[in-house]
Structures are given as structure tokens and as C-alpha cells.
Amino acid sequence: MIIDLDKKTHPFMSLSLKISASPFGTMKERYIKRMRQMDSKSRIQTTLDAFNSIGATTDGMQRLAYTEEESRVHAVFSEFCVKENLQVRTDEAGNVIARREGRMKEAPAVAVGSHLDTVYSGGKYDGAGGVAAGIELIHRLNEKKVMTDYPIELIAFAGEESSRFGLATIGSKAMTGLLKAQDTKQFKDKDGISLETAMNTAGFPSSTLGQAVREKSAFHAFIELHIEQGRELERKGRKVAIATGIAAPTRLKVTVEGEAAHSGTTPMDIRRDALTSASRLVLDIEEAADQEKKYQTVATVGVFHVFPGAMNTIPGRVEFNVDIRGLDVSSKQRIITAVKEKSRQLQTEKDVEVSFDLLRDEQPILLDENVQQLLAASCREVSVDPLFLPSGAGHDAMNMASICPTGLLFVPSYKGISHNPDEYTAAEDFVTGVDVLEQAVMKLAGAKEVKMSG
Ligand SMILES: [Zn+2]
């Protein structure tokens with residue numbers, strides 16, 4: 001569907017703006033004039049403020065996947081795009097795709113984008129920052145009257161966060177053929193509403209979901225700009241990071257079985273305490289991950305249950321979950337091997353049983369080397385010294401990487417805080433990110449005839 005400012009285009013969309021001629025020009029002309037009077041930083045802030053006027057709560061931002069808030073923020077995004085002369089359509093999965101034609105009509109698109117949905121009690125920058133950066137990129141190209149060979153697409157992916165349905169990057173999965181219509185039935189939110197129902201209510205029935213799939217030939221490249229959600233940039237005093245890949249999690253459930261017994265009558269030397277053994281294993285996991293520092297592999301025990309959990313009973317059983325992430329498969333495997341070796345020692349020394357269940361073993365995604373080099377060259381052109389980092393979090397870029405050469409750029413997150421109302425990235429840091437993105441997109445899209453306006 002093509003967004004027309006005069007029409008309601010969406011079941012949830014209540015915003016309807018009229019383009020009316022007035023002595024001061026059309027709304028679009030006034031918008032362009034106003035934006036041109038601003039600097040890059042103010043424009044990005046204006047866009048972000050418009051996005052974050054939707055879903056603001058007393059406890060952060062809340063624009064969950066396939067809710068009215070997400071539809072409304074998509075409508076605001078569409079308005080910005082229409083004002084920047086982009087052709088806007090919403091696909092069958094709810095992704096909003098804004099296109100700027102290039103000289104070569106049938107050529108694959110150079111795409112940029114991120115998402116506008118949030119977690120519960122989320123921040124203002126995760127996803128939204130990347131989409132606002134995309135609008136700023138288009139504004140700059142328009143202002144400089146840049147013509148490109150390849151078309152450029154700016155995409156706001158739907159339902160990136162897993163908070164509502166326990167499934168992440170829904171829109172980009174659908175676009176890349178990784179989400180089938182029948183899969184949408186099994187995921188439910190906390191009220192029991194299935195993803196299928198929620199998508200249907202939002203105007204995206206599962207019967208047409210397949211039409212959202214784009215072929216490999218549709219894209220020349222994809223680049224996502226996102227907040228880092230970690231502290232490496234801040235720690236190293238840098239402004240931009242180029243992701244080398246996306247570190248998929250390997251998750252294990254570890255069960256330590258000992259024997260529950262009376263805490264007062266059981267002497268220390270005959271105890272089979274599951275908790276003291278499990279505690280040793282947790283420290284072993286930390287040490288094993290520490291050995292893999294140079295591969296940037298990380299391991300975390302974030303869930304830990306003690307049974308029966310009574311003051312006067314020696315713990316008979318402990319269950320805990322381990323989350324291991326990294327780009328290097330063998331590095332991740334070495335941590336698992338080391339911990340299994342330690343557990344065998346414990347079984348003999350402490351007479352406990354240790355078992356491991358593999359909950360998930362996802363393959364890390366390595367991002368395109370050429371795109372990384374192109375992003376690095378783009379950084380140098382704007383005097384930015386980039387950091388190369390694996391992404392510990394999943395992003396829409398990981399799905400796009402399955403159909404086209406993909407890059408992922410990070411800008412700093414204040415104290416690494418994310419998925420939290422305190423999440424913050426300074427507007428000037430997005431400006432630097434757009435400076436890099438602009439260089440990269442111009443190169444990828446073949447911006448040969450750059451004419452300065454005025
Ligand atoms: Zn995000």
C-alpha cells in the first residue's frame with residue numbers, strides 16, 4: 001500500500017494529515033523548510049521526539065510488537081518519509097518500507113533500517129535511533145540533491161523485540177522467509193493472544209504473510225545503525241563500532257544432584273551438597289570464559305534454583321542455566337568442554353551427579369567482510385576511528401544477512417544501559433553515525449553525480 005497523507009491507511013492509524021496549499025506553501029514544503037533550517041543534531045532529535053511521543057509511560061517507553069502503539073509510531077515514520085519524498089508502503093508483515101528511486105530502475109536496493117517497537121519499560125533509542133538516523137540520511141541526500149544508481153530503501157521492521165511473543169525480529173524474519181504463516185500460531189503473549197491473532201488485528205493476516213518475503217535479488221546490501229547496548233565504545237572513548245558478527249547464544253541447563261539431608265545431624269565429610277558443587281561449577285564457568293577473552297566469548301549464569309530450598313536442609317539438587325555467546329564456535333565449545341571436565345572431577349570428589357541439557361545452540365552470524373571494510377573506509381573519510389566488535393544481542397541485521405551483504409554499525413550507549421528507561425545516546429553521537437552511514441550508502445548506491453544545492 002502507498003501512504004497518502006490524505007488517507008487513513010491503517011486500522012490503528014488515526015493520524016490523517018491534509019496537504020493543503022496555503023500562502024506559506026504546502027505542509028510538506030513548510031516541513032522541508034523547517035528541517036533545512038535545523039542542524040543534523042536537531043533534526044535527529046526532532047524525529048526521535050516524534051517517535052517517542054508515542055507509547056510514553058511513567059516507566060519508560062512501551063510500543064510492543066503488533067500493538068496500536070507500534071502502528072501509530074509506524075504512521076509517524078511514514079509521514080516523515082512522505083515528507084522526504086519517499087514512496088512508502090507497508091508489507092504483509094507490517095514492515096514499513098520507504099523507497100528512494102535510483103537511476104537504474106530494476107536494480108536491487110541499498111537498504112538501511114532498524115525497528116520502532118520496544119520492550120516493556122524500554123528506552124527511547126533502541127531501534128528508534130537507527131530509524132531516525134535513516135531519515136536523517138535521506139534528508140541529507142535530498143538536500144544535496146544526490147542521485148544514486150541503486151534505489152535506497154529505509155525500513156522500519158515490525159516486532160523486533162521478543163518481549164511480547166517470546167519471538168524476536170518477527171518482521172525481518174518474515175521478510176527473509178524465516179517465519180512461516182503456521183509458525184505464528186504457536187507464539188502467544190501473556191494474555192494468551194497468539195502472534196497470528198495480533199498480526200491479523202493489526203491488519204496483517206497470516207494468509208498473506210508469504211507475500212512479505214523478498215528475494216535475494218531485491219537487495220544490494222543492508223546496513224543497520226543501532227545503539228551498542230554495551231559499554232565498549234564508552235570504555236574505549238570511541239564513537240562508532242563495526243559489528244563483525246552477531247554472537248548467537250548457546251544455552252545449557254545444568255542439574256547437580258546430591259542428597260538432601262538434615263543440616264544439623266549430617267557431618268561435613270559425608271555430605272553430598274548439590275549447592276556447594278554447583279557453586280564451584282559457576283566459578284569454573286566464569287574462569288573458562290575468562291580464558292576465552294581474546295575471542296570475546298562471554299558466559300553467564302543468570303538462573304539458579306536450589307532444592308528443596310530450606311534453611312535446615314542440605315541442598316539435594318540445583319538447577320542452573322548457562323548462556324554462552326561468541327562469534328567463535330570453537331571458543332564457545334572450549335568453555336563447555338572445560339566445564340564438563342570440571343563436573344567429572346566434582347562427581348568423583350564430591351559424589352554428586354551432574355547432567356547437561358542443551359537448550360539452544362544457535363550458529364553465530366558472521367557479517368560480510370567487504371561491508372565491514374567499506375564501513376571502515378567510510379569511518380576514515382569522516383575521521384572516525386572505528387572499533388570492531390561482535391554483537392552480543394540479536395538484530396534485524398542477522399536475518400537480512402541471510403539474503404544480502406549486511407553491515408551493522410553501533411553508536412555509544414550511555415553506561416551500556418539498554419532495555420531500560422535510562423537508556424541514552426546523545427544526538428551528536430547519532431550525527432557521527434549518520435556521517436559514516438552516509439558515506440557507506442553513497443558508495444554502495446553509486447552516488448556519482450553529487451550536485452550541491454543552492
Ligand atoms: Zn534493537
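Count residues from 1 along the sequence. Order of appearance sets the numbers: ligands from 1, and atoms from 1 within every ligand.
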Item to check | Chi angles and distances behind the salt bridge (Lys or Arg N to Asp or Glu O under 4.0 Å) call for Glu153, Arg214 | outcome: CA-CA 13 Å; Glu153 286 189 5; Arg214 312 254 327 246; 2.9 Å; yes

Item to check | Glu438/Lys144 under salt bridge (Lys or Arg N to Asp or Glu O under 4.0 Å): CA gap, chis, key distance, verdict | outcome: CA-CA 12 Å; Glu438 185 183 352; Lys144 294 174 191 165; 2.3 Å; yes

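With sequence neighbours left out, Phe187 forms a ring pair (Phe, Tyr, Trp, His ring centres under 6.0 Å) with no residue at all. Among residues two or more places apart in sequence or in another chain, the side-chain hydrogen bond (donor to acceptor under 3.5 Å, both in side chains) test is passed with Glu136 by Ser40, Arg43, Arg140.
Protein-derived N/O/S atoms nearer than 2.8 Å to the Zn ion (ligand 1) total 3, waters excluded.
Relative to the ring axis of Tyr295, Arg334 places its NZ or CZ within 45° and under 6.0 Å from the centre.
Among residues at least two apart or in separate chains, ring-ring contact (aromatic ring centres under 6.0 Å, His included) pairs with a member in residues 112-134 are His115-His226, Tyr125-Tyr424.
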